[in-house]
Amino acid sequence: MYRRLVGANMRGQMQYRVAFLLDLVGTGIGTAAAFGTLALILQRFENIAGWTLAEIALLYGLVETAFGLMDMIFSGFDPGTFGQQVRRGTFDQMLLRPLGLTLQVFGSDFALRRLARIFQGAAVLGYALIAAGIRWTLLKVLFIPVVLASLVCFFGALFIVGATITFWTVESIEVVNIFTYGGVEMMSYPMEVYHPWLRRFFTFIIPGIFVNYYPALYLLDRPDPLHMPAFAPLLAPVVGGGMLLAALAFWNFGIRYYQSTGT
Amino acid sequence: MQPAIISVNHLHKHFKIYKHHRGALGALCNLFTREATTVRAVDGVSFTIQPGELVGYIGPNGAGKSTTLKMLTGLLTPTGGEIEVNGRVPWKQRRAHVAHIGAVFGQRTTLWWDLPVIESLDLLQYIYKIPPAQFQHNLDEFRTMLELDPFLNTPVRSLSLGQRMRADLCAALLHDPPLLFLDEPTIGLDVVAKERIRQFILHINRARGVTVILTTHDLADVEKLCERVMIIDYGRVLFDGRLESLRDRFGGQRELVVDMAEEYATVDVDGATVAAREATRVTYQFERNALSASDLIGRVSARYRIRDLMVREPNIEDTVRRIYEERLLDEE
Ligand SMILES: Nc1ncnc2c1ncn2[C@@H]1O[C@H](COP(=O)(O)OP(=O)(O)OP(=O)(O)O)[C@@H](O)[C@H]1O
Ligand SMILES: [Mg+2]
């Protein structure tokens, strides 16, 4: 059923072929420019907090690839568009169909145009994996898809929470977006460059530190300057999966709220 | 008697409206202050509907019609009271419930905005798991009845209002639901389109035995379709019964229009008032309960020579308007 819904959505998207291509090129240029800037800065300073370009590229590549994937798979939950859908009554229409709501929202959009971002991210990630001097073990090879999946779950959870909040208010979307997109930006850099309270925020409130920074430390065999327990990198799937489950619980709560208030 | 297909008991829906502060600081205030006023959108509604009925649910703007329909279709959870539709509680068994109803909310489409109509319908076949033979049979029938062919391959977003409504009706009925909810199915349509929709609703009710509940502001819909009408206002049912009995009770004055053979100086008769006079044409108004039309005609013709005449029933539009405006039913 999911395949059919997504298929329908893609056929819809294909009707706007020019817009699609422009979007694809646009995001492509956008992400390329972002990484290009980073590379230029690093050329002058050689490293940031002791991280070389290739090492930062690992952080950046993981986050970008995962966020792109998430943005494509979870685009039905994109708080901006989902908020509009609720106001426009599309969500009521989903309530009228004999299918699960989560499935329908997943199936309602599959943003192919995110492919550009994914490829960019994957290219940077590929560069990092080759150039960062990783001492490869089988475990590390297996760990990379786990980290990516954890990141996808992590960002997906943020999207779902954002989408759920729009049941209460659309005005707060900006705030939610700051967390999501700001989080993406910030997680692309090593955590030791940030002020301790920001790090605490990423550890305890939105625990992004476990899905990107610690896995990267592990892959690069870097010592942990923050003195977390040694198993911290392995928490990635736990944190990612846990966030997603918590977000889905909140989502179900939001649906019940919506059914009691309407739009 | 068959068991009711819908039974509604002391249904309530109250909305809390929180006072809204504007601006960025206001948004913060909104989070913490809870100054609320309560809107009693539906305030103690009870009724039952038998299979095969075609019921008009009418009332002025903001009466609570859409809110009732949203609760019956499972979109909203009631604040209080009970609903059973097809033996299910809509908001508790949403998926099973919606698999056995059809619903069209006039201002919104149930179809996929960017897809051609036919693809939307195909998708519904999978969603409702409609057996191919049944799907084909229904689609063929609705295509001809609703004249869908000219725009089957047009994306839904490009359809005119009337075309979209026809496509939506078709979509709502493909899975053979025994029950159909229509919220303002004729809103914004021209006379011809309205008529076509009415014919279709009548057909699926008569030929297929589908129970239909519709809300509308166009009383011609009610007159042409519904044997039973419910009037609600302020969230309460003011009237529930046959349209004729509404007319009998609140119909007010009937009119007799007479063309006299010549112009008379006075045209008075007992039991009727002269409402209008224009050359030889005189319009009398009289109470239906006090005087029959034939008695009045007798009285007029006893005094004057008549060339032609016509009895006019008060139209339902006026009746209902008077009920809304003068709140005629409030004391009950
Ligand atoms: N989600 C909501 N939140 C708050 N108040 C609501 C909500 N939905 C409806 N109301 C209020 O409830 C009352 C009944 O609304 P409803 O939409 O049921 O009226 P209606 O009879 O369908 O009117 P209309 O003929 O204009 O469509 C109105 O006062 C409306 O403002
Ligand atoms: Mg309404």
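We name chains A, B, ... by the order of the sequence lines, and we start the count at 1 in each one.
Closest heavy-atom contact between Cys153(A) and Gly240(A): CB-O, 3.4 Å. Minimum interatomic distance between Ile101(B) and Asn86(B) (heavy atoms only, all atoms of both residues): CG2-ND2, 4.1 Å. In terms of heavy atoms, Pro177(B) sits closest to Gly102(B) at CB-N, 3.5 Å.
In this pair, Phe77(A) and Trp251(A) present their aromatic rings perpendicular. The plane angle is above 60°, beyond the 30 to 60° band.
Under a cut-off of 6.0 angstrom, the local environment of CZ in Arg117(A) is crowded, with over 12 non-hydrogen atoms contributed by other residues, nucleotides or ligands. With a 6.0 Å radius and a threshold of 12 heavy atoms from other residues, nucleotides or ligands, His137(B) has its NE2 atom at or below the threshold.
Under a 3.5 Å cut-off, the side chain of Thr65(A) and the backbone N or O of Ala122(A) do form a donor-acceptor pair. Without hydrogens or angle criteria, His97(B) side chain to Leu72(B) main chain gives a donor-acceptor distance under 3.5 Å. Using a distance-only test at 3.5 Å, with no hydrogens or angles considered, no donor-acceptor pair links the side chain of Thr38(B) to the main chain of Lys16(B).
Options Asn9(A), Leu5(A), Thr261(A) differ in how many heavy-atom pairs under 4.5 Å they form with chain B, and the most are formed by Thr261(A). Considering only heavy-atom pairs separated by less than 4.5 Å from chain A, the leading option among Leu123(B), Thr67(B), Thr110(B), Asp122(B) is Thr110(B). Counting heavy-atom pairs closer than 4.5 Å to chain A, the top residue among Met71(B), Arg94(B), Arg108(B), His14(B) is Arg94(B).
Each of Thr68(B), Thr215(B), Thr73(B) was compared with Asp183(B) under the side chain to side chain donor-acceptor pair (under 3.5 Å) criterion, and only Thr215(B) meets it.
For Phe15(B), the part sitting under 4.5 Å from any heavy atom of chain A is the side chain, from C-beta outward, and nothing else. With a threshold of 4.5 angstrom between heavy atoms, Lys13(B) approaches chain A through side-chain atoms but not through N, CA, C or O. The part of Leu124(B) that comes within reach of chain A is its side chain, from C-beta onward, which places non-hydrogen atoms under 4.5 angstrom from that chain. The part of Pro155(B) that comes within reach of chain A is its side chain, from C-beta onward, which places non-hydrogen atoms under 4.5 angstrom from that chain. With a 4.5 Å cut-off on non-hydrogen atoms, Thr79(B) does not touch chain A at all.
Evaluation of the salt bridge (charged side-chain N to carboxylate O under 4.0 Å, His left out) rule for Asp114(B) yields Arg157(B) as partners, not counting sequence neighbours. Every side chain to side chain donor-acceptor pair (under 3.5 Å) that Asn138(B) has, sequence neighbours left out, goes to Asp176(B), Arg208(B).
Annotation: residues 181-208 of chain A contacts chain B through no residue [non-hydrogen atoms, separation under 4.5 Å]. Using a 4.5 Å heavy-atom cut-off against chain B, the contacting residues of residues 90-106 of chain A are Asp92(A), Gln93(A), Met94(A), Leu95(A), Leu96(A), Arg97(A), Pro98(A), Leu99(A), Gly100(A), Leu101(A).
Rounded to the nearest 0.5 angstrom, Leu139(B) CG and Leu174(B) CG are separated by 6.0 Å.
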